[in-house]
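To find a chain, count down the sequence lines: A is the first, B the second, and so on, and within it residues start at 1. Since we're looking at a predicted model, the values are computed, not measured.
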2 protein chains.
Amino acid sequence: MTVTIYDVAREANVSMATVSRVVNGNPNVKPATRKKVLNTIQQLGYRPNAVARGLASKKTTTVGAIIPDISSIFFSELARGIEDIATMYKYNIILSNSDQNKEKELHLINTMLEKQVDGIVYMGGVISEDHINQFQTASVPVVLAATVDQTETIPSVNIDYEEAAYEATNLLIDHGHQHPAFVTATEETEMNNQKYAGYLRAIKENNNEVKEERIIKGDYSYDSGIEAIEQLIALENRPTAVFVASDEMALGVIHGAQDRGLDIPNDLEVFGFDNTRLATMVRPTLSTIVQPMYDIGAVAMRLLTKYMNKEEVTDQSIILPHRMIERNSTKSE
Amino acid sequence: MTVTIYDVAREANVSMATVSRVVNGNPNVKPATRKKVLNTIQQLGYRPNAVARGLASKKTTTVGAIIPDISSIFFSELARGIEDIATMYKYNIILSNSDQNKEKELHLINTMLEKQVDGIVYMGGVISEDHINQFQTASVPVVLAATVDQTETIPSVNIDYEEAAYEATNLLIDHGHQHPAFVTATEETEMNNQKYAGYLRAIKENNNEVKEERIIKGDYSYDSGIEAIEQLIALENRPTAVFVASDEMALGVIHGAQDRGLDIPNDLEVFGFDNTRLATMVRPTLSTIVQPMYDIGAVAMRLLTKYMNKEEVTDQSIILPHRMIERNSTKSE
DNA sequence: TTGAAAGCGCTAACAT
DNA sequence: ATGTTAGCGCTTTCAA
């Protein structure tokens with residue numbers, strides 16, 4: 001039924017080894033025989049079986065990617081970066097959603113190891129001891145993308161979230177807002193902690209006592225941005241600037257404020273985080289922190305290839321540069 | 001180094017066959033031995049090798065998903081539907097981006113077949129003869145998702161794009177606009193053709209001569225929406241309503257119009273297509289055609305499982321229902 | 001209920 | 001430059 005390397009060998013009057021050599025581009029084949037083999041491969045419509053190859057060679061040229069939610073505009077951009085570099089290095093991606101659910105995450109890691117992936121790019125929230133243990137049992141390299149592991153055990157690619165949040169908050173303070181509000185998320189990930197820490201640092205450096213009521217926790221969704229700004233507006237002393245931990249929530253904040261009759265940025269300045277495509281798809285356009293999602297994915301995958309090839313790696317915790325981009329949701333000087 | 005089924009068998013004093021049976025949940029194992037085996041699996045930290053299993057059983061429990069661009073808000077939603085159902089049926093997904101590039105598409109199909117996927121969910125634009133041939137050489141089932149094959153050779157899941165476009169155009173006509181404009185895309189996919197046909201049908205039924213200058217072709221991007229509306233506004237006789245073939249372009253149209261001082265919907269009514277999350281993330285919120293992306297992905301994957309299990313399939317071309325949702329970018333009665 | 005053994009299709013020494 | 005052969009780790013008859 002299906003054509004195997006054996007069939008090709010027989011038809012071409014060579015050994016399996018020779019066929020294998022031409023299929024794998026091994027130079028130790030006489031051009032004439034190579035041609036002959038190539039021909040009969042063509043004729044028989046032979047298609048190498050990657051599973052058999054994987055078993056024999058102990059390499060599958062596929063890597064696992066565990067992602068919270070591929071339908072998120074943030075993660076899908078990351079995934080694209082991963083995939084492009086994977087393709088460049090001839091790897092395929094097994095992609096699975098974890099919904100940041102610990103059980104699922106652990107289970108997925110296991111499944112991917114069963115499938116003998118050559119490496120894993122992991123995106124998630126909390127990196128627990130269990131995760132690290134699971135990673136250790138893997139005989140393959142793992143790289144975290146946009147995911148911070150406070151123990152620094154696992155190689156990772158991130159930006160400096162603390163510093164970025166600090167800068168954004170400071171910009172708002174510089175615009176004359178004594179104590180900008182902060183809309184963040186409930187999940188206690190290290191990334192969120194860092195953003196929070198950066199915000200706090202800026203507030204405190206400004207000699208402010210931290211007003212807890214100006215810190216609202218959402219869930220990174222647009223709707224939770226709307227809810228957050230409504231709570232903020234309801235405050236006795238409503239803030240005149242908000243730093244929001246994601247662009248999607250920031251759009252919610254902007255629209256929620258506009259729906260209540262506020263003018264952005266005159267009544268309320270809004271600063272986002274991520275610079276997803278959403279940031280320019282809103283009026284006024286959103287000032288935000290540029291987090292290079294695509295690059296994080298790409299660099300993470302590139303790093304993984306180095307580990308998979310057992311290349312020397314100088315820096316296992318890569319921090320990519322971020323920057324602020326001021327658009328129209330904040331005032332210009 | 002790595003623990004194999006053989007090691008487990010030896011330690012547990014049973015045969016490999018028995019270990020295989022308990023791993024695969026075969027009931028023909030005495031509870032006592034099952035327990036014994038399970039214990040030593042635990043002890044040794046045995047992890048079944050899915051590649052070996054795949055070679056022996058000729059099933060990999062992984063399916064291929066070929067997608068134009070995972071970072072698109074439209075396709076990533078589809079992908080999530082596919083993945084969720086795949087997980088439900090214990091399949092993993094190999095996900096690859098094609099960028100609608102024919103070479104890449106054909107190459108990806110081949111790669112996935114080499115990897116011995118049990119089936120393929122395909123999303124793309126033009127389904128050429130080459131595609132169909134390629135699919136035929138596959139010994140595994142293929143299902144198209146949000147992708148129409150005019151020859152109806154390959155099973156598929158879609159909505160009725162022609163009818164949907166017709167309805168949307170008609171709504172605009174009913175609102176008193178003699179000849180709404182149409183912003184579509186240049187690529188000549190069957191899906192686009194259907195949308196175009198629906199638009200034309202509505203225009204013609206309204207006894208209009210088709211004004212070509214009111215049909216603008218973009219590339220489904222936000223920016224091309226902006227460009228499109230600028231062209232339309234520049235027209236001598238500018239249209240007062242636009243039907244746009246995707247939500248993302250529709251946002252561009254809305255913002256482009258607003259930037260030119262037009263009021264939506266009073267000066268210009270805008271109707272979108274897809275009902276991506278973007279539709280509610282804009283002011284005014286976007287009236288649009290509800291295309292159930294997630295469901296299309298989910299149903300496509302479900303259909304694929306039926307083929308993979310060799311179940312009876314009654315309907316190989318599934319048309320899911322669509323509907324219109326009127327929000328604030330069009331006038332209410 | 002359990003075991004023995006023959007593959008699955010390929011790679012990778014090793015030999016020639 | 002080419003061939004031989006022993007696995008890779010598992011499933012699956014077939015026997016017992």
Side-chain angles (χ1 to χ4, degrees), chain A residues 1-38 40-41 44-62 90 110-111 113-118 139-140, chain B residues 1-38 40-41 44-62 90 110-111 113-118 139-140:
Chain A
M1 210 19 259
T2 67
V3 185
T4 74
I5 199 173
Y6 177 79
D7 299 319
V8 176
R10 184 169 31 72
E11 287 302 306
N13 285 311
V14 296
S15 69
M16 287 164 56
T18 299
V19 178
S20 176
R21 287 191 189 96
V22 347
V23 168
N24 293 296
N26 184 317
N28 287 350
V29 182
K30 198 161 52 171
T33 49
R34 174 185 308 281
K35 202 173 151 193
K36 185 173 59 176
V37 171
L38 249 17
T40 93
I41 284 180
L44 302 187
Y46 168 67
R47 181 149 43 204
N49 181 325
V51 171
R53 172 182 296 172
L55 184 58
S57 70
K58 297 181 168 304
K59 286 180 179 319
T60 53
T61 65
T62 106
K90 314 278 191 214
N110 196 55
T111 303
L113 294 177
E114 286 189 357
K115 297 237 164 157
Q116 311 300 120
V117 294
D118 294 336
S139 42
V140 301
Chain B
M1 212 18 262
T2 67
V3 185
T4 73
I5 199 173
Y6 176 79
D7 300 319
V8 176
R10 184 170 29 74
E11 288 301 305
N13 285 312
V14 296
S15 68
M16 288 164 55
T18 299
V19 178
S20 174
R21 287 191 188 96
V22 348
V23 167
N24 294 295
N26 184 317
N28 287 349
V29 181
K30 201 162 51 171
T33 47
R34 173 185 308 282
K35 203 173 152 193
K36 185 172 56 174
V37 170
L38 249 17
T40 95
I41 284 181
L44 302 187
Y46 168 66
R47 183 151 40 206
N49 181 324
V51 171
R53 172 182 296 173
L55 183 59
S57 70
K58 298 181 167 304
K59 287 182 179 318
T60 54
T61 63
T62 104
K90 312 276 191 217
N110 196 53
T111 303
L113 295 177
E114 286 189 356
K115 297 237 163 157
Q116 311 300 120
V117 295
D118 295 336
S139 43
V140 301

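- Computed from coordinates, the Tyr6(B) OH to dT11(D) C1' distance equals 17 Å when rounded to whole Å.
- Proximity note for Ser15(B) (side chain, C-beta onward) versus dT2(D), dG9(D), dA4(C): the nearest is dA4(C).
- Close to dT2(D), at under 4.0 Å from its OP1 or OP2, lies a side-chain N or O of Thr33(A).
- Dashed line: the shortest gap from a side-chain N or O of Ser20(B) to OP1 or OP2 of dT12(D) is not under 4.0 Å.
- If you take CE of Met16(B) and C1' of dA6(C), they are 11 Å apart, rounded to a whole angstrom.
- Between the side chain of Arg21(A) and the base of dG3(D), at least one donor-acceptor pair of N or O atoms lies under 3.5 Å.
- Comparing dC10(C), dT2(D), dG3(D) by their nearest atom to the side chain of Asn49(A) picks out dC10(C).
- Between the side chain of Thr60(A) and the backbone N or O of Gln116(A) there is at least one donor-acceptor pair closer than 3.5 Å.
- Backbone-only contact: Asn13(A) has heavy atoms under 4.0 Å from sugar-phosphate atoms and none from a base.
- Listed nucleotides: dC10(C), dG9(D), dT11(C). Nearest to the side chain of Leu55(B): dG9(D).
- Atom NZ in Lys58(B) sits roughly 11 Å away from atom P in dT12(D) (whole-Å rounding).
- In this structure, the CD1 atom of Ile41(B) is 16 Å from the P atom of dG9(D), given to the nearest Å.
- Considering only side-chain atoms of Thr4(B), the nucleotide from dG9(D), dA4(C), dT11(C) that sits closest is dG9(D).
- In this structure, Asn28(B) places its CG atom 15 Å from C1' of dA15(D), rounding to the nearest Å.
- Here the C1' atom of nucleotide dT2(C) and the CD1 atom of Ile5(B) are 14 Å apart, to the nearest Å.
- Side chain of Lys36(A) to backbone of Pro31(A): no donor-acceptor contact under 3.5 angstrom is found.
- For the OP1/OP2 pair of dG3(D) and a distance below 4.0 Å, the side-chain nitrogens and oxygens of Thr18(A) include at least one atom meeting the criterion.
- The side-chain heavy atoms of Glu11(A) and Leu44(A), taken from C-beta on, include a pair separated by under 4.5 Å.
- Side chain of Asn24(A) to main chain of Ser20(A): a donor-acceptor pair is present (N/O by atom type, distance under 3.5 Å, no hydrogens or angles).
- Distances shown here put a side-chain N or O of Thr2(B) below 4.0 Å from the OP1 or OP2 atom of dG9(D).
- Nucleotide dT2(C) holds its C1' atom 11 Å from the CG atom of Asn26(B), rounded to whole Å.
- The separation between Arg10(B) atom CZ and dG3(C) atom P is 15 Å, rounded to whole Å.
- Using a distance-only test at 3.5 Å, with no hydrogens or angles considered, a donor-acceptor pair links the side chain of Asp118(B) to the main chain of Thr61(B).
- Out of dT12(D), dA13(C), dG9(D), the shortest distance to the side chain of Ala52(B) is found at dG9(D).
- The listed nucleotides are dC10(D), dT1(C), dG3(D); the one nearest the side chain of Val14(A) is dG3(D).
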